[in-house]
Amino acid sequence: MTTPEFRQEVESIVKSIPKGRVMTYGQIASLAGSPGAARIVGGIAHFGDPDLAWHRVVNKQGGLASGYPGGRSAHKMALEKDGVIVSTNYKVNVKDAIWWPSNENH
DNA sequence: CGAGTGACCGCAA
DNA sequence: ATTGCGGCCACTC
């Protein structure tokens, strides 16, 4: 079976993202066991379970994804609806909104 | 079944 | 500061 544990890990991590916080693709990929497979996270995000909060996932720059259904505006609205502050340029404050499980106290 | 693509990241010049 | 390239795994056609 070659269980795609990578995707399972990614989904589990995305489900573990608390409300009002966001994570980066690279961080999720690293936690999933493959640092550098950030692209895969994006690929899973596009065809993964819609029940997950992919809108809480942003890139390392804190910028919103470009392939989000509805565009960045919908993504921005979804984040603000969760309590995440998004800049006018569709970017979240990496120093305040990004959630780091290994260093959440920053 | 085979090949290509993808919502990214990091480094080098 | 910007631009260009390679790399990873899973999913779709």
Report task. Could you state the atom-to-atom distance from NZ of A:K91 to P of B:dC8 in whole Å? Result -> 12 Å
Report summary line: In whole angstroms, the gap separating C1' of B:dC8 from CD1 of A:I98 amounts to 14 Å
Query raised in the report: Near DNA chain C, which residues from residues 39-77 of chain A have a heavy atom under 4.0 Å away?
Result: A:R39, A:I40, A:F47
Requested in this report: Indicate yes or no for a side-chain donor-acceptor contact from A:S16 to the backbone of A:S12 under 3.5 Å, with no hydrogens or angles considered.
Outcome: yes
Query raised in the report: If you check the A:A38 side chain, which of B:dA7, C:dC8, B:dC9 turns out closest?
Result: B:dC9
Report summary line: Rounded to whole Å, the CD-C1' distance (A:E11 to C:dC9) equals 14 Å
Report summary line: With sequence neighbours left out, the residues meeting side-chain hydrogen bond (donor to acceptor under 3.5 Å, both in side chains) with A:R7 are A:E11, A:D49
Requested in this report: Say whether, by atom type as modelled, one donor and one acceptor occur between the side chain of A:D82 and the main chain of A:V84 under 3.5 angstrom.
Outcome: no
Report summary line: Assert: residue with more 5' nearest nucleotide on DNA chain C, out of A:G36 and A:R7, is A:G36
Requested in this report: Would you mind reporting whether A:L31 and A:M23 have side-chain heavy atoms less than 4.5 Å apart?
Outcome: yes
Query raised in the report: Rounded to the nearest Å, what distance is computed from the CD1 atom of residue A:I28 to the C1' atom of nucleotide C:dC9?
Result: 15 Å
**Report entry** Interatomic distance, A:F6 CZ vs C:dC11 P [rounded to whole Å]
**Finding:** 11 Å
Query raised in the report: Side chains of A:L64 and A:K76: closer than 4.5 Å at any heavy-atom pair?
Result: yes
Report summary line: By ring pair (Phe, Tyr, Trp, His ring centres under 6.0 Å), A:Y68 pairs with (sequence neighbours left out) A:H75
